[in-house]
Amino acid sequence: MSIAKTYSPAEAEEKWYSYWLQHNFFRSVPDEREPYTIVIPPPNVTGVLHMGHMLNNTIQDVLIRRARMKGKNACWVPGTDHASIATEAKVVAMLKERGINKKDISREEFLKYALEWKDKYGGIILEQLKKLGASCDWERTKFTMDDDMSESVIDYFVHLHKKGWIYRGVRMVNWDPQGKTAVSDEEVIRKEVNQKLYYINYEVAGDEERGADEGRTTHHTPRTQSHITIATTRPETIMADAAICINPNDERYTHLHGKTVFIPLIDREIPVILDEYVTMDFGTGCLKVTPAHDLNDYELGQKHKLQIIDILNDDATLNDKAQILVGEDRFVARKKIAVLLEDAGALEKTEDYTSQIGFSERTNAAIEPKLSMQWFCKMAELAKPALEYVTNGDVKLIPEKFINTYRHWMENVRDWNISRQLWWGQQIPAYYLPNGEFVVAKTKEEALLEAQKIDASFTISDLTQDEDVLDTWFSSGLWPISVFDGVRNPDNAEINYYYPTNDLVTAPEILFFWVARMIMAGHELRETKPFTNVYLTGIVRDKLGRKMSKSLGNSPDPLDLIAQYGADGVRVGMLLCSPAGNDLMFDEKYCKQGSGFVNKIWNAFKLVKGWEVDDSLTSKNETAIAWFASRFNQALAQIEDDFKQYRLSEALMATYKLVWDDFCAWYLEMVKPVYQQGVERQKIDARTYSATVAFFEDILKALHPFTPFLTEELWHDELFGERAELDCCIVAQLPVNGQVNTQLIAEVEVVKQLIEKIRNTRDTNQLSPRDALPLAVKAGSGIRYDSYEAIIKQLGNISELSLVTDAVAGSNSFIAGTDEFFIKLNIEIDVAAETERLTKEKEYLEGFLKSVNAKLNNERFMANAKPEIVENELKKKADAEARLKIVEDSLSGLAG
RNA sequence: GGGAGUUUAGCUCAGCUGGUUCAGAGCAUCUGCCUUACAAGCAGAGGGUCACUGGUUCGAACCCAGUAACUCCCACCA
């Protein structure tokens with residue numbers, strides 16, 4: 001049968017993914033085995049796969065497949081997040097395209113449209129994950145707004161409310177004028193923005209009387225005595241000003257104490273107040289106080305009992321209270337008012353200025369501080385234990401550097417605004433009564449019972465549910481519990497079996513949004529951590545270091561990559577460039593390397609597959625077989641260790657080298673039958689054949705978590721014998737760590753060195769690799785080179801290997817390990833060049849010996865260094881002396 | 001403004017408790033090979049003042065102090 005020249009991934013991926021599904025290999029139900037659980041960070045339900053997901057889910061799949069192959073009951077729970085703001089924004093936009101305005105439809109109608117949208121686009125991303133090979137238990141797929149999930153969220157709200165940790169109040173919140181909702185502090189992203197600082201003159205009331213103004217000690221004289229100048233970046237808010245504030249210690253303005261001023265354009269009179277909050281050397285030292293539109297000003301306003309004038313609508317256009325520019329957007333108004341002020345002679349000057357502005361994480365709209373009635377969750381009590389889990393190592397953050405960040409946030413956390421003025425999400429279970437009070441209960445019926453405790457005459461129609469929904473993170477914080485129904489049924493078999501989960505793989509950006517809140521909820525509801533390890537991946541950046549994003553257009557389409565390089569290739573590519581905890585500089589070339597690796601395995605397979613056994617042959621490969629068995633076990637231990645430390649890149653690289661270098665480049669070359677002219681097809685002995693096939697099978701297992709499709713494809717080839725229906729690589733058990741003969745491995749290292757030297761000799765003397773050469777060995781190290789004869793002959797193309805006790809005159813000589821080798825060539829030896837080479841080596845060795853001896857002769861070294869270090873130095877000394885002697889002998893031989 | 005992190009070969013990164021012939025790996029590069037698994041390959045080679053300056057030590061890429069550049073997080077100066 002003929003084998004395809006190259007491996008074609010698409011076909012195998014399709015075939016094996018459905019095979020796995022058909023045979024329920026991803027399915028997990030509680031049993032007597034040890035569980036290994038991962039809950040997916042639920043992607044946005046309407047999202048599409050991006051490179052961050054690729055990285056994240058590749059890692060999760062590698063971990064879950066490995067656990068499965070170690071005999072654990074591996075359960076990877078998939079699902080999606082309703083992502084209230086982002087999704088609602090998308091639905092609103094979709095409706096707008098259809099000519100429907102959200103304002104004109106009811107909540108119920110809107111939700112109907114939203115659900116339609118979700119059914120249509122939701123789950124695209126999960127389908128995409130399948131292409132990557134993600135072995136999630138799809139029967140467990142959850143959506144954060146599934147009925148049971150929502151019910152859990154409501155339960156949690158009621159629970160926290162009962163504890164008194166949820167309260168309602170008017171606060172200055174971060175208002176997203178595009179999403180038309182409040183957002184939490186964490187959802188505000190600050191960015192440096194180029195702005196202008198406007199210097200605006202306010203007329204001082206009754207100032208004309210001041211005249212000569214006795215005893216003023218101002219640093220500079222105001223241009224006109226009847227004005228006070230303030231600096232602001234937000235001139236469009238002057239109509240909401242409630243006061244002008246100056247520092248009481250500011251001698252420039254003592255004359256203003258107790259005065260009032262007029263707001264330009266609208267001529268409203270406001271007081272001048274004194275507060276040390278004002279920085280004297282910033283701007284003009286005069287601050288306009290706008291309590292409705294600035295957090296600090298709000299606090300100042302509270303302190304000084306100022307009027308609050310809110311001049312903005314929910315969409316950040318100016319309202320009637322502004323008196324002028326009504327209906328204009330705040331940014332348009334800013335430009336226009338500058339002109340108006342200029343015309344009125346109230347604009348002193350403008351200056352360029354950069355400052356930090358908050359933007360909404362979801363809509364990217366500039367955040368507007370806004371006073372409103374919101375629901376808050378008290379964080380102090382929740383944060384305290386959640387911090388402890390991490391500081392005491394119960395929950396491990398990988399890499400550890402994030403512990404500090406986590407601690408800082410937890411120690412400084414403020415109460416969390418959990419209400420959102422949206423429809424898409426879990427509606428807050430608070431019910432208002434005609435008397436202005438409210439009750440919190442799981443259902444309207446239960447709320448009524450509560451209400452009737454207040455007044456027995458209330459009926460169900462007296463109850464009005466709060467319009468707001470809960471922050472998405474309030475529900476995703478329950479994810480590891482709610483997917484196992486552990487909120488509603490805290491003692492069910494599933495939650496008891498799977499929870500706490502093992503590993504969480506996510507991005508550091510959502511450490512506070514999500515990870516922290518899961519730990520809080522875990523403690524609050526179950527008094528345990530939700531997971532043991534949190535593996536924080538880096539941000540996927542392009543090779544220029546820019547974050548990959550749709551808007552920059554620098555992100556490749558993951559599905560295109562899969563089509564081009566195969567899922568296995570892309571998986572390998574992602575992991576090759578992703579050191580734990582660091583950002584990943586992604587370059588397609590890594591995928592190319594990945595697919596190259598996959599192809600290499602395919603070709604190795606082709607080689608072995610092409611062998612024919614000749615039972616009459618006896619094996620000459622016992623040494624090679626023993627060596628590879630040892631190397632394999634050694635590499636396996638290394639890989640195990642790398643995984644323990646979550647060094648996935650390293651684990652992959654160790655696997656990569658095991659396959660490419662040890663297996664393909666060395667082992668297969670050692671044992672493969674050499675090509676003989678005239679022989680139609682080379683044959684192999686039965687012993688070598690079966691050993692090699694067994695090695696190959698073990699290699700497939702070791703590779704499977706990284707390259708699941710290729711390994712499954714090869715696993716079922718007849719090379720490995722008949723397979724039962726359920727005998728699949730995906731559920732094969734990883735080889736357990738076996739014996740490692742370190743002596744053998746060390747000796748083979750010397751033999752490999754020898755072979756490289758032989759090849760090098762050929763190269764430098766411009767001999768064809770096909771010319772077999774005789775090799776003489778003068779061994780002093782105790783290595784039995786005759787036991788490596790077959791290997792040396794085959795890989796070095798040596799015609800004859802002889803053991804000698806004296807230098808072979810007129811030969812090329814070289815050292816490998818601490819032994820000397822000679823190759824007799826029919827070429828004149830260049831005595832001068834050889835002398836130079838040997839002299840150089842002699843000098844190096846002498847220098848090296850000197851430094852080793854210096855250490856050994858140093859009393860303090862001998863006194864302080866650990867015994868094994870000293871022993872090592874002694875060995876270095878002995879080796880160097882042995883080699884030096886060889887070199888010196890060779891030199892005198894040349895001279896003689 | 002506060003805090004954390006990073007800086008090692010052209011690129012991406014290892015280097016664990018200071019001590020192994022310790023300055024490494026993969027990719028890229030160069031040279032030679034279309035050798036019966038693989039040119040997506042094979043064989044060989046070159047490439048680094050471990051950011052900089054000092055210090056501690058018998059010994060420093062590693063520990064300490066300072067400097068510089070970059071990154072991230074947190075923070076209400078209009």
Side-chain angles (χ1 to χ4, degrees), chain A residues 3 5-6 172 190 197 230-234 245 277-279 282-284 286-290 294-299 353 355-356 358 369 399 401-406 408-409 412 508-509 511-512 539 543 545 576-579 581-587 589-590 592-593 595-611 645 647 649-650 653-654 656-657 660 664-665 668-669 672 674-676 681-682 756 759-760 762-764 766 768-770 844-845 848 851-852 854-855 857-866 868-873 875-876 879-880 883:
Chain A
I3 307 157
K5 185 168 163 56
T6 52
M172 188 65 95
R190 288 174 185 284
L197 202 51
I230 59 96
T232 181
T233 53
R234 303 207 57 189
C245 188
Y277 163 78
V278 178
T279 316
F282 185 89
T284 60
C286 299
L287 171 71
K288 77 189 214 31
V289 185
T290 320
D294 184 280
L295 181 56
N296 302 304
D297 291 8
Y298 174 69
E299 281 163 11
Y353 182 70
S355 70
Q356 301 266 336
K401 65 176 176 185
F402 288 106
I403 294 175
N404 283 329
T405 325
Y406 181 84
H408 185 262
W409 189 78
N412 295 286
E509 303 151 59
L511 190 57
F512 310 130
I539 295 167
K543 54 187 163 185
L576 277 174
C577 57
S578 64
N582 283 341
D583 286 358
L584 157 168
M585 304 297 165
F586 182 80
D587 190 328
K589 74 177 186 186
Y590 292 109
K592 200 173 161 214
Q593 190 182 346
S595 65
F597 179 52
V598 166
N599 193 237
K600 181 72 183 177
I601 303 162
W602 178 259
N603 280 307
F605 167 77
K606 263 170 64 185
L607 172 69
V608 179
K609 176 86 174 161
W611 285 345
Q645 299 183 58
R647 300 161 164 228
S649 289
E650 304 262 314
M653 189 43 74
Y656 182 96
K657 285 197 268 196
W660 201 308
C664 294
L668 287 179
E669 293 297 332
K672 83 175 183 191
V674 283
Y675 169 66
Q676 281 174 286
R681 187 162 215 165
Q682 60 276 47
E756 273 159 23
R759 287 170 176 166
N760 207 329
R762 246 199 207 90
D763 241 36
T764 48
Q766 294 175 323
S768 160
R770 288 187 204 115
Y844 169 79
L845 284 168
F848 178 72
S851 79
V852 174
K855 270 187 211 174
N857 293 332
N858 183 323
E859 276 174 38
R860 301 177 74 166
F861 172 75
M862 296 304 279
N864 297 327
K866 279 175 275 183
E868 57 266 34
I869 303 288
V870 175
E871 204 174 306
N872 239 314
E873 292 299 315
K875 183 175 183 309
K876 276 157 71 177
D879 285 358
R883 296 177 59 152

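Order of the sequence lines fixes the chain letters, A, B, ..., with proteins taken first and strands second; residue numbering starts at 1 for each chain. Worth saying up front: this structure is predicted, and the values here are computed from it rather than measured.
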Base of A37(B) paired with side chain of Glu669(A) (donor-acceptor, under 3.5 Å): yes
Under 4.0 angstrom between Tyr590(A) side-chain N/O and G26(B) OP1 or OP2: no
Arg759(A) side chain near C33(B) phosphate (N/O to OP1/OP2, under 4.0 Å): no
Touch class at under 4.0 angstrom, heavy-atom based, for Leu295(A) against every strand present: nothing
Rounded distance in Å between the C1' positions of G59(B) and U6(B): 27 Å
Interatomic distance at P, U67(B) relative to G2(B), whole Å: 13 Å
Same-atom distance (C1') from A9(B) to A23(B), integer angstrom: 10 Å
Span that lies between the P atom of C33(B) and that of C72(B), in whole angstrom: 49 Å
G66(B) versus G26(B) - spacing of their C1' atoms, nearest Å: 36 Å
base_contact_polar (C38(B) base, Lys600(A) side chain, donor-acceptor, <3.5 Å): yes
First encountered from the 5' end of RNA chain B, between Thr279(A) and Gln593(A): Gln593(A)
U8(B) versus U49(B) - spacing of their C1' atoms, nearest Å: 12 Å
Geometric class of the Phe597(A)/Trp660(A) ring pair [parallel <30°, tilted 30-60°, perpendicular >60°]: parallel
Watson-Crick or G-U wobble partner of A14(B), both distances under 3.5 Å: none
Sugar-phosphate, base or nothing in reach of Asn760(A), heavy atoms under 4.0 Å: sugar-phosphate
Sugar-phosphate only, base, or nothing, as touched by Ser595(A) at under 4.0 Å among non-hydrogen atoms: base
